2 protein chains.
Amino acid sequence: MLMEKMAKKYSASVEDYLEAIANLHKSEKAVKVKQLSRMLNVKMPSVTAALQKLSEEGLVVHEKYGHIELTPEGNEAADDVIRRHRALSRFLAQALGIDQKTAEEDACKIEHVISPLALERMIKFMEFVEVCPLGEAKFPQRYRYYLEHGELPPECLERRSGER
Amino acid sequence: MLMEKMAKKYSASVEDYLEAIANLHKSEKAVKVKQLSRMLNVKMPSVTAALQKLSEEGLVVHEKYGHIELTPEGNEAADDVIRRHRALSRFLAQALGIDQKTAEEDACKIEHVISPLALERMIKFMEFVEVCPLGEAKFPQRYRYYLEHGELPPECLERRSGER
DNA sequence: AGTTTTTGTTAGACTTACCTAACATTTCTG
DNA sequence: CAGAAATGTTAGGTAAGTCTAACAAAAACT
């Protein structure tokens, strides 16, 4: 039986550790317990414990006092979390006009629970909005206007009043 | 100092119990442990334990073997969860075109973690789409077309080819 | 190199929220 | 209304994931 490459399900906590390690791995030469501790807002012993569990599960390579790295499997899982995170944060910021900070915070939580379908649709939504001009003004601009002014942009109002 | 009516933060589990009790309260005459157990996919002893905790916290009224009811505070919290749930599920289904079942499932998870701002924006988004006609076809219809056919609806294509 | 500072680990405890097995109460039914 | 069936509770366990305090190793400084 073919094993579909379906992402296994990890706990939110596990996903957070994997994501943080992957992100640190990109920006820093070596990933440290202390960094993870700060990044995830937990104390160092919690990190040590988590790393032990992740090692046992084959997602992380970590010897006592040594470097922290992801296994191929861990890396794959991390990439998947990061992909979800990015898409969500873009959707919240770009499509819904939420400030970057809040969008990030929401993405951090929602990334652990959103279904593949919902995620795919958010991505499709952004694609669509980007490529379809929808008349003179692009959709998101009109939506922004509505958000800022609390009422419809002029062209929508005109159209409505001329509707009867 | 004025106490703003800011919803206190409860755990996902607590919110699930409150939500379930409130929903059952509407459809059934009396809320039973068994029903909650089935609805939340946990065993009955877990429900009993949860009800005890909720009683102590003043969110639920429940005497041994007796009826289960929400206190005013519990009811307020439940309503807030339900409000989030509804908005989310509507947004996912209506705006993103996700099937009802998946939209429900996602809403059940996301309702516990979404920020007030993101929720508000989803609601605003639906309002906007509903009232602003955006040209000949309404926005969601074009989006649906894109979802179904995998390419832009004709009127978008025409406009693009005539753009140069 | 030796000492101090920083970083990392171990040990042990706590919280939340679940479970099973056994017991208790209600409710149904003959 | 008495026994059977269903429902609810108690007792005791388990798993995640966190914490503090104490100890160990590594790094940094002089």
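Quantities reported herein were computed from a predicted structural model and do not represent experimental measurements. Below, chains carry the letters A, B, ... as their sequence lines are ordered, and counting in each starts from 1.
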> With nearest nucleotides of DNA chain D determined for S11(A) and P45(A) from heavy-atom distances, which residue corresponds to the more 5′ nucleotide?
Replying inline: S11(A)
> Q52(B) has an atom CD; how far is it from atom P of dG8(D), in whole Å?
Replying inline: 14 Å
> Y17(B) side chain N/O closer than 4.0 Å to the phosphate oxygens (OP1, OP2) of dC18(C)?
Replying inline: yes
>> Could you check whether any side-chain heavy atom of R90(A) comes within less than 4.5 Å of a side-chain heavy atom of M122(A), counting everything from C-beta outward?
In response: no
> Would you say dA17(C) has OP1 or OP2 under 4.0 Å from some side-chain N or O of S46(B)?
Replying inline: no
> Counting just side-chain N and O atoms, does H62(B) come under 4.0 Å of either OP1 or OP2 of dT9(D)?
Replying inline: yes
> To the nearest Å, how far apart are K43(A) NZ and dT7(C) C1'?
Replying inline: 14 Å
>> Less than 6.0 angstrom separating the ring centers of F125(B) and F125(A), yes or no?
In response: yes
> Does the D106(A) side chain pair with the main chain of I114(B), one donor and one acceptor, at a distance under 3.5 Å?
Replying inline: no
> How many Å lie between CG on L51(B) and P on dT7(D), as a whole number?
Replying inline: 16 Å
>> Just to be sure I understand the rule, does S13(B) reach a base, reach only the sugar-phosphate, or reach nothing, if contact means heavy atoms closer than 4.0 Å?
In response: sugar-phosphate
> In whole angstrom, what separates K32(A)'s NZ from dA28(D)'s C1'?
Replying inline: 12 Å
>> Please confirm whether the shortest side-chain N or O distance from K64(B) to OP1 or OP2 of dT26(C) is below 4.0 Å.
In response: no
>> Using the side chain to side chain contact (heavy atoms under 4.5 Å, CB included) definition, which of the options N23(B), D79(B), L59(B) pairs with L18(B)?
In response: L59(B)
> Which of these nucleotides, dA17(C), dT10(C), dT10(D), is closest to any side-chain atom of K53(B)?
Replying inline: dA17(C)
> What is the distance from NZ of K34(B) to P of dT26(C), rounded to the nearest Å?
Replying inline: 17 Å
>> Do V113(B) and Y10(B) land in one hydrophobic cluster if side-chain heavy atoms of ILVMFWY residues count as linked below 4.5 Å?
In response: no
>> Output the rounded distance in Å from CE (M39(B)) to C1' (dT7(D)).
In response: 17 Å
> Which listed nucleotide (dT25(C), dC18(C), dA17(C)) is nearest to the side chain of Y65(B)?
Replying inline: dT25(C)
> What is the distance from CD of E63(A) to C1' of dA26(D), rounded to the nearest Å?
Replying inline: 16 Å
> Counting side-chain heavy atoms from CB outward, which of dT7(D), dT18(D), dT7(C) is closest to A49(A)?
Replying inline: dT18(D)
> In whole angstrom, what separates H67(A)'s NE2 from dT7(C)'s C1'?
Replying inline: 13 Å
>> Just to be sure I understand the rule, does Q35(B) reach a base, reach only the sugar-phosphate, or reach nothing, if contact means heavy atoms closer than 4.0 Å?
In response: nothing
> To the side chain of M44(B), which of dT10(D), dG8(D), dC18(C) is closest?
Replying inline: dG8(D)
